[in-house]
Enquirer: 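Structure provided below as structure tokens; questions to follow.
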Protein chains: 2
Amino acid sequence: MKKTILIYGLSLAVLVFLLEYFEYRYFVHELSTEVFVFLIALIFTGLGLWVGKKLTNQTKIESPPFEQNEKAIRYLKISERELEVLELVAQGLSNKQISDKLFVSVNTTKTHLSHLYEKLDVKRRTQAVEKAKSLKLIE
Amino acid sequence: MKKTILIYGLSLAVLVFLLEYFEYRYFVHELSTEVFVFLIALIFTGLGLWVGKKLTNQTKIESPPFEQNEKAIRYLKISERELEVLELVAQGLSNKQISDKLFVSVNTTKTHLSHLYEKLDVKRRTQAVEKAKSLKLIE
DNA sequence: TTCAAAATCATACTTTCGGGTGATTCCTGA
DNA sequence: TCAGGAATCACCCGAAAGTATGATTTTGAA
């Protein structure tokens, strides 16, 4: 951002400097003035476009990255382990597969899920995933 | 987009026209040429920014709205009815609820789902939703 | 018109989920 | 030290989901 503005300022300065340096009056008068104005306009339209692109690109890069809603997680009192289970559920794993990944029994996974459903106020895993994503608890 | 370009072109034309009209040579020579060039640069930088904003705004408005991947749907030979079921599954509905919404029996819903799982190459509804979303079959 | 795909439904069976209850261990903050 | 939350596990039961197979009807394209 700062760099962009700097480059823009420098371009302006360089242009003015070059005009001075080459005694542009003589040079310019060999071209038609319309052409000269047109060139300046073109160059600075380009610069404007470039600057605009730089500026908007930054906002684009800032928004997409996932930002977990930790306040909601705290508010809903969802524990670490429950969140882990939730993420695996969202990946489409079965309770058995989740249990194997976390090195616990299926019963444990089911207990975590029960608590999750209660906290999220849902009845099924698909709803839990849906809600968790809308609340940005998971990606 | 077309309008934006049109306005840009018109601005250029108007500028040139005005220069002619006011016999700009005399006018301009009363200002220093640096100032004149600077003004032109400023105006067209602004125009460039404006055009850039218009153009990127369009891409911003066009990208967020969901764009269904119809090629994938055709490629996977997923039928209309199957897609409907898929959407309802993604909303966290049970087979019973889906059946009621579509006025068919649970058996029918299950049949559609079986076909879907085969086409999407998954085993469970949560996986189907996951995959369908990543393929942009559904929102 | 004919053929294939799509949509519908059924029956039967297996697996997975989810609910309920209760127990143990560990850790932390009052 | 004591209460409470978190994590762990078990057992049972019923509901939901998924698999397999087969059948009928509708529909659209060749």
Side-chain angles (χ1 to χ4, degrees), chain A residues 68-135 137-138, chain B residues 68-135 137-138:
Chain A
Q68 197 173 39
N69 189 347
E70 296 173 35
K71 296 140 240 158
I73 291 173
R74 262 177 271 126
Y75 178 70
L76 294 172
K77 299 191 200 303
I78 292 172
S79 74
E80 262 306 304
R81 209 54 164 166
E82 285 163 358
L83 200 58
E84 285 183 77
V85 172
L86 184 55
E87 272 157 9
L88 296 176
V89 167
Q91 287 168 27
L93 303 193
S94 69
N95 290 346
K96 179 76 179 64
Q97 291 173 311
I98 293 170
S99 306
D100 288 346
K101 277 218 176 189
L102 300 182
F103 301 109
V104 297
S105 82
V106 178
N107 301 302
T108 304
T109 299
K110 285 167 83 175
T111 304
H112 288 318
L113 273 178
S114 288
H115 293 156
L116 268 172
Y117 296 155
E118 210 176 328
K119 290 171 183 176
L120 290 176
D121 189 30
V122 298
K123 292 288 183 190
R124 268 175 292 288
R125 52 175 57 222
T126 39
Q127 289 182 325
V129 171
E130 172 80 358
K131 191 148 191 178
K133 283 189 177 174
S134 77
L135 291 176
L137 305 184
I138 58 174
Chain B
Q68 197 173 40
N69 190 347
E70 296 172 37
K71 296 139 239 158
I73 291 172
R74 262 177 270 127
Y75 177 69
L76 294 172
K77 298 191 201 304
I78 292 172
S79 75
E80 262 306 303
R81 210 53 165 165
E82 285 163 358
L83 201 58
E84 285 183 76
V85 172
L86 185 55
E87 273 158 6
L88 296 176
V89 167
Q91 288 169 27
L93 303 193
S94 69
N95 289 345
K96 180 74 179 64
Q97 292 174 312
I98 294 170
S99 307
D100 289 346
K101 277 218 174 190
L102 300 181
F103 300 107
V104 297
S105 81
V106 178
N107 300 304
T108 305
T109 300
K110 284 163 100 176
T111 304
H112 287 318
L113 274 177
S114 287
H115 293 155
L116 268 173
Y117 296 155
E118 209 176 331
K119 290 171 183 177
L120 291 176
D121 190 29
V122 298
K123 291 289 181 188
R124 267 174 293 288
R125 53 173 58 225
T126 39
Q127 289 182 325
V129 171
E130 170 80 359
K131 191 148 191 176
K133 283 189 178 175
S134 77
L135 291 176
L137 306 183
I138 59 176

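Quantities reported herein were computed from a predicted structural model and do not represent experimental measurements. In what follows, every chain begins at residue 1, and chains take the letters A, B, ... in the order their sequences are listed.
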Enquirer: Please produce a list of atom pairs where a protein N or O lies less than 3.5 Å from an N or O of nucleotides 22-27 of chain C.
Expert:
none

Enquirer: Verify whether one side chain among Thr109(A) and Ser99(A) offers a donor that lies under 3.5 Å from an acceptor in the other.
Expert: yes

Enquirer: Whether the side chain of Asn95(B) engages the backbone of Val106(B) through a donor-acceptor N/O pair (distance < 3.5 Å, no angle test) should be reported.
Expert: no

Enquirer: If you find the nucleotide of DNA chain D closest to Lys110(A) and the one closest to Val122(B), which residue's nucleotide is nearer the 5' end?
Expert: Lys110(A)

Enquirer: With a cut-off of less than 4.0 Å, is there a side-chain N or O of Tyr117(B) near OP1 or OP2 of dG18(D)?
Expert: yes

Enquirer: Measuring from the side chain of Arg124(B) (C-beta onward, heavy atoms only), which nucleotide among dC17(C), dT8(C), dA16(D) has the closest atom?
Expert: dC17(C)

Enquirer: Return the value, rounded to whole Å, for the distance between atom CD1 of Ile78(B) and atom P of dA6(C).
Expert: 11 Å

Enquirer: Can you work out whether Thr126(A) or His115(B) has the more 5'-proximal nearest nucleotide on DNA chain C?
Expert: His115(B)

Enquirer: Would you mind writing out the side-chain donor-acceptor pairs for residues 80-87 of chain A within the sub-3.5 Å range, not counting sequence neighbours?
Expert:
| residue | atom | partner | partner atom | Å |
| --- | --- | --- | --- | --- |
| Arg81(A) | NH1 | Glu84(A) | OE1 | 3.4 |
| Arg81(A) | NH1 | Glu84(A) | OE2 | 3.2 |
| Arg81(A) | NH2 | Leu102(A) | O | 3.2 |
| Glu82(A) | OE1 | Ser79(A) | N | 2.9 |
| Glu82(A) | OE1 | Ser79(A) | OG | 3.4 |
| Glu82(A) | OE1 | Lys119(A) | NZ | 2.8 |
| Glu82(A) | OE2 | Lys119(A) | NZ | 3.1 |

Enquirer: Is a side-chain donor-acceptor pair under 3.5 Å present for Thr108(B) with Ser105(B)?
Expert: yes

Enquirer: According to a strict under-4.0 Å criterion, is Asn95(B) in side-chain N/O contact with OP1 or OP2 of dA17(D)?
Expert: yes

Enquirer: Roughly how bent is the helix from dT1(C)-dA30(D) to dA30(C)-dT1(D) end to end, in steps of 10 degrees, with each end axis from five pairs?
Expert: 60°

